[in-house]
2 protein chains.
Amino acid sequence: MADHAGKAALYDALAESAKALANGRRAELIDVLTQGERSVEDLALEIDQTVANTSQHLQRLLRAGLVRTRRDGTRIFYELSSPVVSTLWHTMRRVAEEHVDGLEQLAAAYVGDRSGLDTMTRDELRERLRDGDVVVLDVRPSAEYAAGHIRGALSVPIGDLRARLQDIDSGARVVAYCRGSYCVYADEAVRLLAEAGRDAARLEDGFPEWASARLPVARGM
Amino acid sequence: MADHAGKAALYDALAESAKALANGRRAELIDVLTQGERSVEDLALEIDQTVANTSQHLQRLLRAGLVRTRRDGTRIFYELSSPVVSTLWHTMRRVAEEHVDGLEQLAAAYVGDRSGLDTMTRDELRERLRDGDVVVLDVRPSAEYAAGHIRGALSVPIGDLRARLQDIDSGARVVAYCRGSYCVYADEAVRLLAEAGRDAARLEDGFPEWASARLPVARGM
DNA sequence: GTTCTATTCAATGGAATGCTTGAATAGAAC
DNA sequence: GTTCTATTCAAGCATTCCATTGAATAGAAC
């Protein structure tokens, strides 16, 4: 007969990865890290938590093996330890979307009304990029742009957009993108651009989807 | 600016699915349910817990939407609410295998030494089934056989195997299978058969892998 | 060496979780 | 109707988890 203690311990270990994700703040961290590596302070700002608290969550993720660290001078960068982790996060999100009820309402409440916003599919953007008749704006924080972006996109963090409006060719069709469908930066950008009389749309999804569809990306500033 | 409370609530909701899996006993339940629906008492036996405790875990899974129930006479059957859940479980397992350290040791400690056991791949078994020169034994509990099994397999729960040895054609090559690579029933069966002088091997993986490879399956006893 | 800064550590209190026990419920069988 | 049985509910206690606070550390800049 198999030993019961052994079986329990095995499943406890298997559940460790789930435990690491079983907290809203850590889920948020993993989601942000999906966009690329970030420093602790940066992440703390991103998830609206104290640095100490963020650090503790990160260390829990580290212990579970979901992230790894790299030191650069005085700061420490965290990143996902492998692509499987990002797959896990996306699968979890799909399951939650399908099965956690009330989630759609929460998402709608957070994202707000998108009915007035023009959108563009990945395929259309790819074609227009090939034809060169589009300006693509990456409105995520510049650290995320640096870690990877759609090839040909300009980095215009959402906070800088208003000030840099005049740098953007006023005749061109403009497409803004950010992290994905839950991310509201691109929405804000499109609204701001539309108010300024530009022909603006948001990419339906975000950078991770673009990258995992193996479409052209670039790194650095 | 987006409301922070809304964002936190959204991610908390997304983390709900992970919380449901963030416990060894619940992970075990999901794993068993991967094989098909089961009653509460049955599941309690399977995970070596009291019925009350098992019931509470099941209800947590139910609240998270990962399972659904069906009443049949006096008992209640639980099953996974959709195939995505089983995908989630497998992804989680892959992540744990890759990143939780000490897991391999735990698995090895539980599974024991397999070096003396002959194994057969899915492809080989499929060919032999087509040629008809193999006896296939499903050594899982009969409830799991009923919920779905390799077409052509006989149901011989591991506890009954010794008593039914003489029913098995003594000239044939015998292949035993159970739930997957962590499942030890098939190992036990192969050892028992080998001791009895039979030509026995275990299928490398288990029924779920067979089914998701879309190979021939059947239901019922 | 000293100072500065990003990160981590340690201790706290309050909330959620997990297992146990014994009682309650809701259909089935009679 | 009564009895039986599978499941759920409710209360209790020990454990773990989470955000906060303030102190400690380790490397960079000077």
Side-chain angles (χ1 to χ4, degrees), chain A residues 4-5 7-9 11-30 32-33 37-64 66-79 143, chain B residues 4-5 7-9 11-30 32-33 37-64 66-79 143:
Chain A
H4 293 163
K7 186 171 67 157
Y11 279 93
D12 285 346
L14 285 169
E16 276 309 308
S17 317
K19 278 189 192 160
L21 283 170
N23 171 276
R25 251 30 63 220
R26 288 197 294 272
E28 221 171 324
L29 286 170
I30 292 286
V32 174
L33 290 175
E37 63 166 21
R38 300 291 284 279
S39 71
V40 178
E41 194 177 12
D42 222 10
L43 288 165
L45 267 171
E46 198 69 66
I47 67 169
D48 307 306
Q49 298 288 312
T50 63
V51 172
N53 193 20
T54 305
S55 172
Q56 314 211 81
H57 279 307
L58 286 168
Q59 279 168 80
R60 205 152 184 318
L61 291 172
L62 190 63
R63 258 178 283 133
L66 301 193
V67 301
R68 60 170 170 231
T69 61
R70 168 177 87 79
R71 174 156 226 141
D72 179 20
T74 164
R75 71 188 70 193
I76 292 180
F77 287 85
Y78 279 81
E79 72 177 330
Chain B
H4 293 164
K7 187 171 66 154
Y11 280 93
D12 285 345
L14 285 169
E16 277 309 309
S17 316
K19 278 188 193 162
L21 284 170
N23 171 276
R25 252 30 63 222
R26 288 198 295 272
E28 221 171 325
L29 286 170
I30 292 286
V32 174
L33 289 175
E37 63 167 21
R38 300 290 285 277
S39 72
V40 178
E41 194 177 11
D42 222 10
L43 288 166
L45 268 171
E46 198 69 63
I47 67 168
D48 307 306
Q49 298 288 312
T50 63
V51 172
N53 194 20
T54 305
S55 171
Q56 314 210 83
H57 280 307
L58 285 168
Q59 278 168 81
R60 204 150 185 319
L61 291 173
L62 190 63
R63 258 179 282 133
L66 301 193
V67 302
R68 61 172 170 231
T69 60
R70 167 177 88 78
R71 173 156 227 141
D72 178 21
T74 165
R75 71 188 72 191
I76 292 180
F77 287 84
Y78 279 80
E79 71 177 331

Against the side chain of A:I76, the closest entry in D:dT21, C:dT7, D:dT7 is C:dT7
Measure from CD on B:E41 to P on D:dT8 and round the result to the nearest Å. 12 Å
When you look at B:L29 and B:V67, which way does the side-chain contact (heavy atoms from CB on, under 4.5 Å) test go after all the steps? CA-CA 10 Å; B:L29 286 170; B:V67 302; over 6 Å; no
Return the nearest nucleotide to the side chain of B:R26; candidates are D:dT7, C:dG18, C:dT8. C:dG18
In whole angstrom, give the distance that lies between atom CG of B:D72 and atom P of C:dA28. 9 Å
Students often get this wrong, so: under 4.0 angstrom with heavy atoms, is A:Y78 touching a base, only sugar-phosphate, or nothing? sugar-phosphate
Closest to the A:R75 side chain: D:dA19, C:dT7, C:dT20? C:dT7
Can you tell whether the side chains of A:R75 and A:D42 come within less than 4.0 Å, N to carboxylate O? no
Please step through side-chain contact (heavy atoms from CB on, under 4.5 Å) for the pair A:L43 and A:L33, ending with a clear verdict. CA-CA 9 Å; A:L43 288 165; A:L33 290 175; 4.0 Å; yes
Mate of C:dG27 where both pairing distances stay under 3.5 Å, Watson-Crick or G-U: D:dC4
Ranking D:dA6, C:dC19, C:dT17 by distance to the side chain of B:T74, first place goes to D:dA6
Is any side-chain N or O of B:H57 closer than 4.0 Å to OP1 or OP2 of C:dT17? no
Nucleotide nearest B:R71 (side chain, heavy atoms from C-beta), chosen from C:dG18, C:dG27, D:dA6: C:dG27
Specify the separation, in whole Å, of atom CG of B:D48 and atom C1' of C:dC19. 14 Å
What integer distance in Å separates B:L61:CG from D:dT8:P? 12 Å
Side chain of A:N23 only, heavy atoms from C-beta on: which candidate in D:dC18, D:dA19, C:dC19 is closest? D:dC18
Ionic contact status for A:R63 with A:E16, cut-off 4.0 Å: no
Starting from the 5' end of DNA chain C, give me the residue, A:N53 or B:Q49, whose nearest nucleotide shows up first. A:N53
A:A52 side chain: which of C:dT7, C:dC19, C:dC9 is closest? C:dC9
Taking the side chain of A:Q59 as its heavy atoms from C-beta onward, which of C:dT8, C:dC9, C:dT21 lies nearest to it? C:dC9
Find out whether B:D12 and A:R25 are in side-chain contact, i.e. whether some heavy atom of one side chain is under 4.5 Å from a heavy atom of the other. yes
Let me know the distance between CZ of B:R63 and P of C:dG18, rounded to the nearest Å. 10 Å
Could you check how far CZ of A:R25 sits from C1' of D:dA19, rounded to whole Å? 11 Å
In whole angstrom, what separates B:I47's CD1 from C:dG18's C1'? 12 Å
Rounding to a whole Å, what distance do you find between A:K19:NZ and C:dA16:P? 18 Å
Select base, sugar-phosphate, or nothing to describe what A:V51 touches, counting heavy atoms under 4.0 Å on all strands. base
Please name the nucleotide paired to C:dA15 by Watson-Crick or G-U wobble geometry with both distances under 3.5 Å, or report none. D:dT16
Quick one: does A:E46's side chain get under 4.5 Å of A:E28's, heavy atoms only? no
Nearest of D:dA28, D:dC18, C:dT20 to any side-chain atom of B:T50? C:dT20
OP1, OP2 of C:dT7 versus side-chain N and O of A:S55: anything below 4.0 Å? no
Any donor-acceptor pair under 3.5 Å between the side chain of A:Q56 and the base of C:dT7? no
